[in-house]
Protein chains: 2
Amino acid sequence: MYYLNNDGSGTLVELSHYLGVEKPTVTRTIAKLEEMGYLEPVPTKDKREKRMQLTDTGRKVYQEVRVTIDEFEQDILKGISEEEQLEGIRLMSLIRKNLMQGEL
Amino acid sequence: MYYLNNDGSGTLVELSHYLGVEKPTVTRTIAKLEEMGYLEPVPTKDKREKRMQLTDTGRKVYQEVRVTIDEFEQDILKGISEEEQLEGIRLMSLIRKNLMQGEL
DNA sequence: AGTAATAGTTATCTACAGTAACTAATTATG
DNA sequence: CATAATTAGTTACTGTAGATAACTATTACT
């Protein structure tokens, strides 16, 4: 939902790349979110692909959940300065990059 | 195995606290490791508890695996200085502490 | 002695993800 | 242009990791 909220819409393959999971995982997750009424398909030329976007309800729910997540993050980052947070993110990104290198 | 290697022996409850998981999870894991011949029970007074320790094979296997893990860690920490690593650990510990606070 | 609490087990359930094999649609090739 | 190769998504099956609830056996408390 985060990805679709920022990016407007996306195909299952785009999502699987973004999330770093396999296609069947995305299929299942999308199916659930569609059932719940948070996602809807966008018609495209290519009849193979299934491009999805947030519904109005989906966008509303996302915003609500976003607040909860932000509060949670504030909570667990209590006592950690902005610079420290950025440094932490930098280190994690480096480790992720090193991990990527390894798993070709 | 890390815990038992450093601590000599431990009961299932000790392990579940150390690992932060429930007792059934430990029961199953221990059972598997015992089957594989890496763990053995240590007799105790209290007939309820099941105190476990590494077997000779277990210790040997642990050392071998340890090498692999260390190599892996070196690999994913490439380009990150000792001080940066310590800072990262400090930040993660802080976050963990904040998480603990919340989930009472 | 009789009740509480503790250690471990069993059975059942859920979340989350992967692989293999497939269909349908589109691109590329000869 | 027809066929081969690729791409997007789905289905079926499997595995891992963990949780909760209900239970037994043992020990501690009053």
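Just so you know, these numbers come straight off a predicted model, no measurement behind them. Here is how names work: the chains are called A, B, and so on, in the same order as the sequence lines, proteins then strands, and each is numbered from 1.
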List the steps and the verdict of side-chain contact (heavy atoms from CB on, under 4.5 Å) for A:Leu39 and A:Thr55. CA-CA 5 Å; A:Leu39 257 49; A:Thr55 59; 5.6 Å; no
Members of residues 19-36 of chain A that approach DNA chain C, where some heavy atom sits under 4.0 Å away: A:Val21, A:Glu22, A:Pro24, A:Thr25, A:Arg28
Report all side-chain donor-acceptor pairs from residues 80-95 of chain B shorter than 3.5 Å, counting only partners two or more places apart or in another chain.
unit_1	atom_1	unit_2	atom_2	d
B:Ser81	OG	B:Glu84	N	3.1
B:Ser81	OG	B:Glu84	OE1	3.4
B:Glu84	OE1	B:Ser81	N	2.9
B:Glu84	OE2	A:Arg90	NH2	2.7
B:Gln85	NE2	B:Ile80	O	3.1
B:Glu87	OE1	B:Arg90	NE	3.1
B:Glu87	OE1	B:Arg90	NH2	3.3
B:Glu87	OE2	B:Arg90	NH2	3.2
B:Arg90	NH2	A:Glu84	OE2	2.6
B:Ser93	OG	B:Ile89	O	2.8

Let's test this: given Watson-Crick or G-U wobble pairing with both distances under 3.5 Å, identify the partner of C:dA4. none
What salt bridge (charged side-chain N to carboxylate O under 4.0 Å, His left out) pairs are there with at least one residue in residues 1-16 of chain A, not counting sequence neighbours? A:Glu14-A:Arg51
Which atom pair, heavy atoms only, marks the closest approach of A:Val42 to A:Ser9? CG2-CB, 4.5 Å
Suppose we define a pair by two distances each less than 3.5 Å, Watson-Crick or G-U wobble; what does D:dT27 pair with here? none
Tell me whether A:Asp70 is salt-bridged to A:Arg66, with the criterion being a basic N under 4.0 Å from an acidic carboxylate O. yes
Taking only heavy atoms on the protein side, list every residue of residues 40-51 of chain A lying under 4.0 Å from any atom of DNA chain D, sorted numerically. A:Arg48, A:Glu49, A:Lys50
Take atom CZ in A:Arg96; do more than 12 heavy atoms of anything else shown fall under 6.0 Å from it? no
Heavy atoms of A:Asn98 and B:Ile76 approach each other most closely as ND2-O, 2.8 Å
Quick one: B:Glu14 CD to C:dT6 P, roughly how many Å, whole number? 15 Å
For B:Asp46, give me all partners under salt bridge (Lys or Arg N to Asp or Glu O under 4.0 Å), at least two apart in sequence or on another chain. B:Arg48
Parallel, tilted or perpendicular, as decided by the 30° and 60° cut-offs, for the rings of B:Tyr2 and B:Tyr62: tilted
Cluster overlap B:Tyr38 with B:Tyr3, hydrophobic side-chain contacts below 4.5 Å: yes
Min and max contacting nt of DNA chain D in 5' to 3' order, chain B heavy atoms within under 4.0 angstrom, are D:dG18 to D:dT27
Would C:dA7 be called syn or anti here, given the cut-off of 90° from 0? anti
